[in-house]
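Okay, here's the structure, questions in a sec.
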Amino acid sequence: DTGLIEFNFKSVSYQLFNKYKTTKPIRNFRAVTPINDRFILTGTSEQGLLVFDLVNRKFVDQYLHDPSDIESISSNSIGEIVPDSNGNIFIISSRKGIDIIHLPDQFISHQLTTAQARELSSDNEVSAMVKLSDTLVWVVTRGSRMLIWNTKANQFLRSKFTDEVSTYLA
């Protein structure tokens, strides 16, 4: 919970990285995901999504929720981070569905919104995502719903398996 730690096995020492633009330490990391050889993304429980530059060894960008900006991320509490081969980053935003950041232009879109979840008789508190391919993602919600998301068609589907699992867990 103190930051991103780089451990040097030869010297048995470490360096702590937990600052970006302010003196307030970045804490409560929940996810760390490499997106290429130079950058990793880190998700926190309160300070949004941060980009760490492995070459310059520092945080270089931060995505935060801004209630007045519909193109900001949905929440500062980030769960899982899943990149794809098309330059998209899929992010579980706590109790706010899924955000997609298209890295080349930094466009952010929102999926599994409250309205979409209601249409599927589900909730939008996503607890896990499993990427099956660049177009299909399994999404599990807190309400024990398993959805299949076709990212190319931008459509969520409930599977028969979802209803069977829900019945079994009830």
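Residue numbers run from 1 in the order of the sequence given.
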Ile89 and Ile35, any side-chain heavy atoms less than 4.5 Å apart: yes
Side chain to side chain contact (heavy atoms under 4.5 Å, CB included) between Gln155 and Trp149, worked out: CA-CA 6 Å; Gln155 182 178 23; Trp149 179 22; 5.9 Å; no
Partner residues of Asn88 under the side chain to side chain donor-acceptor pair (under 3.5 Å) criterion, sequence neighbours left out: Asp84, His102
Cluster check Ile108, Leu64: I/L/V/M/F/W/Y, side chain < 4.5 angstrom: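 No; Leu64 is not reachable from Ile108 via cluster members.
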Residues in side chain to side chain donor-acceptor pair (under 3.5 Å) contact with Thr33, at least two apart in sequence or another chain: none
Heavy atoms of other groups near Asp105 CG, more than 12 under 6.0 Å: yes
Side chain to side chain donor-acceptor pair (under 3.5 Å) against Ser127, all qualifying residues, sequence neighbours excluded: none
With sequence neighbours excluded, residues passing side-chain contact (heavy atoms from CB on, under 4.5 Å) with Ile92: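 Applying side-chain contact (heavy atoms from CB on, under 4.5 Å) to Ile92 gives Glu80, Val126, Met129.
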Separation between CD1 of Ile98 and CD1 of Ile73, rounded to the nearest 0.5 Å: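 The CD1 atom of Ile73 is 14.0 Å from CD1 of Ile98, to the nearest 0.5 Å.
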Which residues share a salt bridge (Lys or Arg N to Asp or Glu O under 4.0 Å) with Asp53, sequence neighbours left out: Arg38
No-hydrogen, no-angle side-chain donor-acceptor test under 3.5 Å, Asn150 and Thr135: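 No, no side-chain donor-acceptor pair sits under 3.5 Å.
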Verdict with supporting geometry, Asn124 and Thr141, side chain to side chain contact (heavy atoms under 4.5 Å, CB included): CA-CA 6 Å; Asn124 68 338; Thr141 68; over 6 Å; no
With sequence neighbours excluded, residues passing side chain to side chain donor-acceptor pair (under 3.5 Å) with Thr42: none
For Lys131, salt bridge (Lys or Arg N to Asp or Glu O under 4.0 Å) partners two or more places apart: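 Counting only residues at least two positions away or on another chain, Lys131 forms a salt bridge (Lys or Arg N to Asp or Glu O under 4.0 Å) with Asp134.
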Qualifying residues under ring pair (Phe, Tyr, Trp, His ring centres under 6.0 Å), relative to Phe59, sequence neighbours excluded: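 Result, ring pair (Phe, Tyr, Trp, His ring centres under 6.0 Å) vs Phe59: Phe52.
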Any donor-acceptor pair under 3.5 Å from Asp69 side chain to Glu71 backbone: yes
Residues Ser45, Arg27; criterion side chain to side chain donor-acceptor pair (under 3.5 Å); working and verdict: CA-CA 8 Å; Ser45 63; Arg27 304 178 67 81; over 6 Å; no
Pairwise distance CD(Glu46) to CZ(Arg30) - rounded to 0.5 angstrom: 9.5 Å
Hydrophobic cluster identity match, Val140 and Val130, side-chain contacts under 4.5 Å: yes
Any residue meeting side-chain contact (heavy atoms from CB on, under 4.5 Å) with Ile5, in chain and number order, not counting sequence neighbours: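 By the side-chain contact (heavy atoms from CB on, under 4.5 Å) rule, Ile5 matches Thr2, Tyr14, Leu16.
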Non-neighbouring partners of Glu6 that pass salt bridge (Lys or Arg N to Asp or Glu O under 4.0 Å), sequence neighbours left out: Arg57
With Thr44 via side-chain contact (heavy atoms from CB on, under 4.5 Å) - residues at least two apart: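 Applying side-chain contact (heavy atoms from CB on, under 4.5 Å) to Thr44 gives Ile26, Phe29, Gln47, Leu50.
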Residue Leu132 excluded, over 12 heavy atoms near CG under 6.0 Å: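 Counting other residues, nucleotides and ligands, CG of Leu132 exceeds 12 neighbours.
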Between His110 and Asp99, a side-chain donor and acceptor under 3.5 Å: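 Result is yes, a qualifying pair exists.
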Residue pair Val32 / Leu41, side-chain heavy-atom distance below 4.5 Å: no
CA sep, side-chain torsions, deciding dist, call: Lys21, Gln62, side chain to side chain contact (heavy atoms under 4.5 Å, CB included): CA-CA 10 Å; Lys21 287 191 178 180; Gln62 184 175 29; over 6 Å; no
Under 3.5 Å donor-acceptor, Ser133 side chain and Leu136 backbone: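 Checking the backbone N and O of Leu136 against the side chain of Ser133, a donor-acceptor pair under 3.5 Å is found.
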Any residue meeting side-chain contact (heavy atoms from CB on, under 4.5 Å) with Asp61, in chain and number order, not counting sequence neighbours: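 side-chain contact (heavy atoms from CB on, under 4.5 Å) list for Asp61, sorted by chain: Tyr20, Val51, Tyr63, Gln106.
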Check: Ser93 main-chain N/O paired with Ser75 side-chain donor or acceptor under 3.5 Å: no
Step-by-step side chain to side chain contact (heavy atoms under 4.5 Å, CB included) determination, Ile91 to Ile101: CA-CA 8 Å; Ile91 300 163; Ile101 301 175; 3.5 Å; yes
